[in-house]
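Side chains are part of it too, since the values below use all heavy atoms of this structure and drop only hydrogens, waters and symmetry mates. Just so you know, these numbers come straight off a predicted model, no measurement behind them.
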Amino acid sequence: TVVTGLTFTVTGTPPTAPALDAAFSPGSIVTGGSSALTLTLSNSNTLPAVLSADFTDTLPSGLVASNAATTCTGGTGASLGSGGNSLILGNGAAIPAGGSCTLTADVTSSAAGNYTNAIPAGALQTNAGNAAAASAALTVTGISAPTVTKSFAPASITTGAASTLT
């Protein structure tokens, strides 16, 4: 028996792509200092959003990361790219339903400058869709050499007189 003329209707709301936010704290450090980079992955859906590929945040040249960690569950966890030039969250990690998780690292630089960590749209890929772009700025200032000043009071004296050096 062949049945024809059947119609199926699927109702519901398609999943919303996860959100991605990036922040440095503090936003300004001296050369050799450390700032915490926090990438917050948020999911407004009723089911977890699972990464369908590794998420890689490649840092600007001059920044180096250490101590990668994550609160996201599953997958292969957090790791660093070669030389600390990137932060990686492994395929299969889950962003909780109706919640968020973080990917963090300590970041430093030996060169003064203004650095923008720009993460392109689509870098975070999940079964619920791909996240929009995100960015964070870090200012690294050089350490100034100390200065020393001195003076004599009075500045001129005769032989055998006293003067104070401050």
For residues 106-116, the side-chain hydrogen bond (donor to acceptor under 3.5 Å, both in side chains) pairs (sequence neighbours left out) are Asn67-Asp106, Ser109-Tyr115, Asn114-Thr139
So, do Leu51 and Leu124 sit near enough that their side-chain heavy atoms are less than 4.5 Å apart? yes
Evaluation steps, side chain to side chain donor-acceptor pair (under 3.5 Å), between Thr38 and Thr104:
CA-CA 5 Å; Thr38 301; Thr104 59; 5.9 Å; no
In short, Ser28 meets Leu138 closest at the heavy-atom pair N-CD1, 4.2 Å
Single-linkage hydrophobic cluster Val30~Val107, side-chain heavy atoms < 4.5 angstrom:
no
Here the pair of heavy atoms bringing Ser86 nearest to Thr56 is CB-CG2, 4.0 Å
Checklist entry - With a 4.5 Å heavy-atom cut-off, do Ser35 and Pro26 have their side chains touching? => result yes
Hey, are the side chains of Thr70 and Leu103 touching, using non-hydrogen atoms and a 4.5 Å cut-off?
-> yes
Practice item. Starting from the C-alpha separation in whole Å, work towards a yes-or-no answer on side-chain contact (heavy atoms from CB on, under 4.5 Å) for Leu87 and Leu80. Key: CA-CA 5 Å; Leu87 190 54; Leu80 297 171; 3.8 Å; yes
In terms of heavy-atom contacts, Pro154 and Ala162 come closest through CD-O, 4.0 Å
The side chain to side chain contact (heavy atoms under 4.5 Å, CB included) partner of Asp57 among Leu20, Ile119, Leu89, Ile88 is Ile119
Residues pairing under disulfide (SG to SG under 2.5 Å) where one sits in residues 26-113, two or more places apart or in two chains, turn out to be Cys72-Cys101
| message | Asn43 vs Leu41, test: side-chain contact (heavy atoms from CB on, under 4.5 Å). Steps then yes/no. | response | CA-CA 7 Å; Asn43 175 20; Leu41 292 64; over 6 Å; no
Nearest heavy-atom contact between Ala65 and Ala105 is CB-CB, 4.1 Å
Checklist line | Test item: Thr126 and Pro18 side chains (from C-beta on) under 4.5 Å apart, heavy atoms | finding: yes
In terms of heavy-atom contacts, Ala94 and Pro48 come closest through CB-CB, 4.4 Å
Between the CG atom in Leu63 and the CG atom in Leu37, the distance rounded to the nearest 0.5 Å is 9.0 Å
Does some side-chain heavy atom of Val64 sit less than 4.5 Å from a side-chain heavy atom of Leu59? no
* Asked: So, does Asn127 use its side chain to make a donor-acceptor pair with the main chain of Val50 at under 3.5 Å?
  -> yes
Close side-chain approach of Phe55 and Leu39, heavy atoms under 4.5 Å: yes
dist Thr40:OG1 -> Ile95:CD1 (nearest 0.5 Å) comes out at 10.5 Å
